[in-house]
Amino acid sequence: VQLQASGGGSVQAGGSLTISCKASGRIFSRYPMAWFRQAPGKERSFVGGCTGGCSSPSYADAVKGRFTVSRDNAQNTLHLQMNSLKPEDTAVYYCAADRSSYGSQVIYSTAARYDYWGPGTLVTVSS
């Protein structure tokens, strides 16, 4: 599986941005997928994710109510819609796939759990 994120950019606080992650491979729909982010000088942290059907996405407390994870399995694409952005949301955002949880209904928030990673896309929120 290869992952490629896109859609990053600069936005003012309070604005919105959607980033996407295109995956290769025929079994994308069976992998739990997640978004992580890493700000300068900080560890990579879980943002949100969902299983194959994406019926019950999971979110970090810091983004709950502002961010929405969705996926289009027909297009092998994972999305992250970000609303009410804050300067502290500034980070490189990574999409990741949990190969070892193939077909699972569990989303893990630990980065080490994920096998495949995209190269990341930078989101900058100015005040």
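Each residue takes its place number in the sequence, starting with 1.
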task = Test His79 against Ser20 for side chain to side chain donor-acceptor pair (under 3.5 Å), laying out the working first.
result = CA-CA 4 Å; His79 302 288; Ser20 300; 2.8 Å; yes

query = Does the side chain to side chain donor-acceptor pair (under 3.5 Å) test come out yes or no for Asp98 and Ser100, once each step is laid out?
reply = CA-CA 6 Å; Asp98 180 0; Ser100 57; 2.9 Å; yes

inquiry  = Is there a side chain to side chain donor-acceptor pair (under 3.5 Å) between Ser16 and Asn83? Walk through the geometry before answering.
reply    = CA-CA 4 Å; Ser16 298; Asn83 298 325; 2.9 Å; yes

key: Derivation of the ring-ring contact (aromatic ring centres under 6.0 Å, His included) call for Phe36 and Tyr114   = CA-CA 10 Å; Phe36 286 78; Tyr114 291 78; 5.2 Å; yes

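Under the 3.5 Å distance criterion, the side-chain polar atoms of Thr90 are left unmatched by any main-chain donor or acceptor of Thr124. Side-chain atoms of Thr110 do not come within 3.5 Å of backbone N or O of Ala112 as any donor-acceptor pair.
Listed here is the closest heavy atom pair of Tyr59 and Thr68: OH-CA, 3.3 Å. Minimum heavy-atom separation, Gly52 to Asn73: O-ND2, 2.9 Å. Heavy-atom minimum distance, Ala23 versus Phe28: CB-CD1, 3.3 Å. The nearest pair of heavy atoms linking Pro119 to Tyr94 is O-CE2, 3.5 Å. Closest of all the heavy-atom pairs between Val69 and Gly49 is CG2-N, 3.9 Å. Across all non-hydrogen atoms, the minimal contact from Gln12 to Val125 is C-CG1, 4.0 Å.
Arg71 places a side-chain heavy atom less than 4.5 Å from the side chain of Cys50. Two residues are said to be in side-chain contact when any heavy atoms from C-beta on lie closer than 4.5 Å; Thr51 and Arg30 fail this criterion. Between Pro32 and Tyr108, every side-chain heavy-atom pair lies at or beyond the 4.5 Å cut-off. Here the side chains of Lys22 and Gln2 are not in contact, with every heavy-atom distance at 4.5 Å or above. No side-chain heavy atom of Ser70 sits less than 4.5 Å from a side-chain heavy atom of Gln81. In this structure the side chain of Ile19 reaches within 4.5 angstrom of the side chain of Met82, judged on heavy atoms. No side-chain heavy atom of Arg113 sits under 4.5 Å from any side-chain heavy atom of Phe46. Counting heavy atoms from C-beta on, the side chains of Leu85 and Leu17 come closer than 4.5 Å.
Here the straight-line distance linking atom OG1 of Thr77 with atom CE of Met33 works out to 9.5 Å at 0.5 Å rounding. Taken from SG in Cys95 to CG in Leu80, the straight-line distance is 10.5 Å, to the nearest 0.5 Å. One finds the CD atom of Gln105 at 6.5 Å from the OG atom of Ser55 (value rounded to the nearest 0.5 Å). Once rounded to the nearest 0.5 Å, the distance linking CZ of Arg37 with NZ of Lys42 reads 8.5 Å.
Residues Val123 and Trp35 share a hydrophobic cluster, clusters being chains of Ile/Leu/Val/Met/Phe/Trp/Tyr side chains in contact below 4.5 Å. Note: the hydrophobic cluster containing Leu78 also contains Tyr102 (ILVMFWY, side chain heavy atoms under 4.5 Å, direct or indirect links).
Taking the six-membered ring where tryptophan is involved, the planes of Tyr31 and Tyr116 are tilted, since the angle between them lies from 30° to 60°. A tilted orientation is assigned to the rings of Tyr93 and Phe67, their planes being inclined by 30° to 60°.
Ion pair Asp61/Lys64 flagged as a salt bridge, since at least one NZ, NE, NH1 or NH2 atom sits closer than 4.0 Å to an Asp/Glu carboxylate oxygen.
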